[in-house]
Amino acid sequence: MTSDEIQRAVFQAIRAIPRGQVAAYGDVAHRAGLPGRARLVGRLLRESPRSARLPWHRVLRADGRLAFPVDSEPYAEQARKLAAEGVALVGGKVPVRFFAWREDDIDAALWGPR
DNA sequence: GGCGTGACTATAC
DNA sequence: GGTATAGCCACGC
């Protein structure tokens with residue numbers, strides 16, 4: 001796999017995160033066919049230009065915390081973008097139990113076709 | 001190749 | 001709840 005293909009797979013996985021839901025770096029890596037490479041996802045995001053138009057704000061750490069220092073500007077921006085989609089931070093972290101991106105029957109049961 | 005570093009994670013106290 | 005530790009892997013020096 002070339003680095004270009006890897007980047008494409010990772011970006012595609014990120015773009016597949018539905019609005020109003022979030023995914024951990026490790027989840028994105030897994031969906032991109034790169035299990036165990038959460039750090040690679042972080043590195044690609046860090047290097048990706050804004051023109052990539054990725055929903056990068058939907059990617060966070062496995063425990064629900066954002067990956068930036070709490071007092072940083074990127075942190076504030078990510079929190080704002082998430083809030084705009086209805087994803088609020090509670091105690092400094094996103095309640096992953098509720099907002100995590102899953103494609104299993106849990107979601108279908110909760111907010112699937114009624 | 002060694003070593004530190006980092007938008008990471010799981011496990012164990 | 002918190003800290004510590006180990007594993008992870010790509011990069012740059």
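Lettering of chains follows the sequences in order, A, B, ..., and the numbering in each one begins at 1. Remember, predicted model here, so these are calculated numbers, not experimental data.
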TODO: Would you mind reporting whether I17(A) and V28(A) have side-chain heavy atoms less than 4.5 Å apart?
DONE: yes
TODO: Rounded to whole angstrom, note down the C1' distance from dC13(C) over to dG1(B).
DONE: 12 Å
TODO: Treat each ILVMFWY residue as a node, draw an edge where side-chain heavy atoms are under 4.5 Å apart, and state whether F99(A) and L89(A) are in one component.
DONE: yes
Open item on the list: Suppose you measure atom C1' in dG2(C) against the same atom in dA7(B); what distance do you get, rounded to whole Å?
Closed with: 23 Å
- [ ] Only counting residues at least two apart or in another chain, list the ones meeting side chain to side chain contact (heavy atoms under 4.5 Å, CB included) with R15(A).
- [x] F11(A), L54(A), P55(A)
- [ ] Write out all pairs satisfying salt bridge (Lys or Arg N to Asp or Glu O under 4.0 Å) with one or both partners inside residues 28-41 of chain A, taking only residues at least two apart or from two chains.
- [x] R31(A)-E103(A)
Open item on the list: The criterion is side-chain hydrogen bond (donor to acceptor under 3.5 Å, both in side chains); which residues satisfy it with H57(A), sequence neighbours excluded?
Closed with: E85(A)
TODO: Return the set of residues passing side chain to side chain contact (heavy atoms under 4.5 Å, CB included) with R50(A) (not counting sequence neighbours), or none when no residue passes.
DONE: W56(A), E77(A)
- [ ] Taking side chain to side chain contact (heavy atoms under 4.5 Å, CB included) as the test, write out the residues that go with D63(A), two or more places apart.
- [x] R61(A), R65(A), K93(A)
Task: Contacting residues from residues 22-32 of chain A, given that a heavy atom lies under 4.0 angstrom of DNA chain B - done: A24(A), Y25(A), G26(A)
Open item on the list: Please give me every residue in residues 63-92 of chain A whose heavy atoms get under 4.0 Å of an atom in DNA chain B, ordered by residue number.
Closed with: A67(A), F68(A)
- [ ] Output all residues satisfying side chain to side chain contact (heavy atoms under 4.5 Å, CB included) with A16(A), sequence neighbours left out; order by chain, then residue number.
- [x] Q12(A), W101(A)
Open item on the list: Set out, in order, the CA-CA distance, both residues' side-chain angles and the distance that settles side-chain contact (heavy atoms from CB on, under 4.5 Å) for L82(A) and L66(A), then state yes or no.
Closed with: CA-CA 11 Å; L82(A) 286 173; L66(A) 309 189; 4.0 Å; yes
Task: hydrophobic_cluster_shared for V22(A) and Y75(A), side chain cutoff 4.5 Å - done: yes
With 3.5 Å as the limit, what N/O pairs link the protein to nucleotides 11-13 of chain C?
residue : atom : partner : partner atom : Å
dC11(C) : OP1  : R43(A)  : NH2          : 3.1

Task: P gap between dT5(C) and dG4(B), integer Å - done: 16 Å
- [ ] Can you check each nucleotide of nucleotides 1-7 of chain C against protein heavy atoms at under 4.0 Å and return B for base, S for sugar-phosphate only, - for none, in 5' to 3' order?
- [x] ------B
Open item on the list: Can you give me the first and the last nucleotide of DNA chain B (5' to 3') that has an atom within less than 4.0 angstrom of a non-hydrogen atom in chain A?
Closed with: dG6(B) to dA10(B)
Open item on the list: I need the L40(A) CG to Y25(A) OH distance, nearest 0.5 Å.
Closed with: 12.5 Å
Open item on the list: The criterion is side-chain hydrogen bond (donor to acceptor under 3.5 Å, both in side chains); which residues satisfy it with R43(A), sequence neighbours excluded?
Closed with: E47(A)
- [ ] Determine yes or no for a side-chain-to-main-chain donor-acceptor pair under 3.5 angstrom, with Q78(A) supplying the side chain and V59(A) the backbone.
- [x] yes
Open item on the list: Between F68(A) and I14(A), is there shared hydrophobic-cluster membership here, with clusters defined by ILVMFWY side-chain heavy atoms closer than 4.5 Å?
Closed with: yes
Task: Interatomic distance, D4(A) atom CG to R8(A) atom CZ [nearest 0.5 angstrom] - done: 7.5 Å
